[in-house]
Each structure stands twice: as structure tokens, then as C-alpha cells.
Chemist: 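Here it is: the structure, laid out below.
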Amino acid sequence: QVQLAESGGGLVQAGDSLTLSCTISGRAPSNPAMGWFRQIPGEEREFIAVHSFSGSYTLYADSVKGRFTISRDNTRNTVVLQMNNLKQEDTAVYYCTAGYWGTTRHSVQYWGQGTQVTVSS
């Protein structure tokens, strides 16, 4: 069984930074791409960023490009999302993902439980 454990969510003010971390454990798929989605209540989950297993390839949603940075440490099976200059519209539940390279929900094989990020004005 695969588990994705997220940490780092919380309440911050607009303009602040926050770092989310996610560690994969269990019978993880080989060479998984790892990334993040987010979801606002009443809306569908939205792709945020993805990082390849090797080669440091990354993709970002236009809404976060230039503000968010995804990185990973394969020795620790961890992916990190550094979020800078946060805006109120970044408020959502953030989900760690593992699976195939891509930006749609179809590329995701495993989801984390989610961590709440709230940005106040």
C-alpha cells in the first residue's frame, strides 16, 4: 500500500511564504512523478505543479508560475512545494500526488490526504 504524508499547511497572510512537504512510503510505483493539486470547496481539483523522477523536469499552472517552486529529494522520497507571495486565491486544500508525468487527474495514481492552506488579507 502506498502512502503520501503531507505536512506544512496553515494560516498565513497575503504576501507570506509557506512550504509544503510530502513523503511517499510503502510499495511506491517505480520512478513516479510527484506533484501537487489543490481544491477549493465546490470546485474540481486543480493541477499546481509536477516534478519528474529524474532530470529535474517541472511543470506549473499559470496561476502559480513564478511564485511556487517544486523540488524533490529521491533519497528521502520527498517532494516539496515552496509557495511565495501567497494570495487569498491560493486558499485551498493542497494534495500531494504520485504517478505518471502529466498535469491532469488522469496522470495521478495516488493522492495524499490533503493539507489546508489559508491565506488571509
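Computation of the quantities below employed the complete heavy-atom set of this structure, encompassing side-chain atoms and omitting hydrogens, waters and symmetry-equivalent molecules.
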Chemist: What about Val108 and Val93, same hydrophobic cluster or not, with Ile/Leu/Val/Met/Phe/Trp/Tyr joined at side-chain heavy-atom distances under 4.5 Å?
Modeler: yes
Chemist: Salt bridge or not between Asp62 and Lys65? Use side-chain N to carboxylate O under 4.0 Å.
Modeler: yes
Chemist: If I take atom OG from residue Ser56 and atom NE2 from residue His51, how far apart are they, to the nearest 0.5 angstrom?
Modeler: 4.5 Å
Chemist: Do Asp90 and Val117 pass the side-chain contact (heavy atoms from CB on, under 4.5 Å) test, and can you show the C-alpha distance, the side-chain angles, and the key distance before you say yes or no?
Modeler: CA-CA 8 Å; Asp90 294 319; Val117 172; 5.5 Å; no
Chemist: Any chance CD of Glu89 has more than 12 other-residue heavy atoms, nucleotides or ligands included, within less than 6.0 Å?
Modeler: yes
Chemist: Hey, quick one: are Leu81 and Val12 part of the same hydrophobic cluster, counting side-chain heavy atoms closer than 4.5 Å, chains of contacts allowed?
Modeler: yes
Chemist: Which residue, Tyr110, Trp111, Tyr94, forms the ring pair (Phe, Tyr, Trp, His ring centres under 6.0 Å) with Phe37?
Modeler: Trp111
Chemist: Check whether any side-chain N or O of Thr78 sits under 3.5 Å from a backbone N or O of Arg76 as a donor-acceptor pair, and report yes or no.
Modeler: yes
Chemist: Which pairs, with at least one residue in residues 63-121 and sequence neighbours excluded, count as a disulfide bond (SG atoms under 2.5 Å apart)?
Modeler: Cys22-Cys96
Chemist: Under 3.5 Å, is there a donor-acceptor pair between the side chain of Thr91 and the main chain of Thr118?
Modeler: no
Chemist: Atom OG in Ser17, atom CZ in Arg67: separation rounded to 0.5 Å?
Modeler: 10.0 Å
Chemist: One pair to check against side-chain contact (heavy atoms from CB on, under 4.5 Å): Val80 and Leu20. What are the steps and the verdict?
Modeler: CA-CA 6 Å; Val80 172; Leu20 304 182; over 6 Å; no
Chemist: Under 6.0 Å from the ring centre and within 45 degrees of the ring axis: does the NZ or CZ of Arg105 meet both conditions for the six-membered ring of Phe47?
Modeler: no
Chemist: Using 0.5 Å steps for rounding, measure from the CD atom of Gln3 to the CZ atom of Arg27.
Modeler: 13.5 Å
Chemist: Give a yes or no answer on whether the side chain of Arg45 reaches the backbone of Arg38 with a donor-acceptor pair at less than 3.5 Å.
Modeler: no
Chemist: Kindly compute the distance separating CD1 (Ile48) from OG1 (Thr103), expressed to the nearest 0.5 Å.
Modeler: 11.5 Å
Chemist: Looking at Asp73 and Val79, would you say the former's side chain and the latter's main chain have a donor-acceptor pair under 3.5 Å?
Modeler: no
Chemist: Going by atom types only, do Gln82 and Asn84 share a side-chain donor-acceptor pair under 3.5 Å?
Modeler: yes
Chemist: Should Leu11 and Val119 be regarded as members of a common hydrophobic cluster, given that ILVMFWY residues are connected when their side-chain heavy atoms come within less than 4.5 Å of each other, either directly or indirectly?
Modeler: no
Chemist: Are Phe68 and Val50 grouped together when hydrophobic residues (ILVMFWY) are joined by side-chain heavy atoms under 4.5 angstrom apart?
Modeler: no
Chemist: Answer yes or no: are there more than 12 heavy-atom neighbours, outside Gln113 itself, under 6.0 Å from its atom CD?
Modeler: no
Chemist: Quick check for you: to the nearest 0.5 Å, what is the distance between Asn77 atom CG and Thr23 atom OG1?
Modeler: 7.5 Å
Chemist: Dump the intermediate steps for side-chain contact (heavy atoms from CB on, under 4.5 Å) on Tyr95 and Leu4, then the final yes or no.
Modeler: CA-CA 9 Å; Tyr95 295 90; Leu4 298 175; over 6 Å; no
Chemist: Run the side-chain contact (heavy atoms from CB on, under 4.5 Å) test on Trp36 and Thr97 for me, step by step, so that the C-alpha distance in whole Å, both residues' side-chain angles and the decisive distance to 0.1 Å come before the verdict.
Modeler: CA-CA 6 Å; Trp36 297 88; Thr97 65; 6.0 Å; no
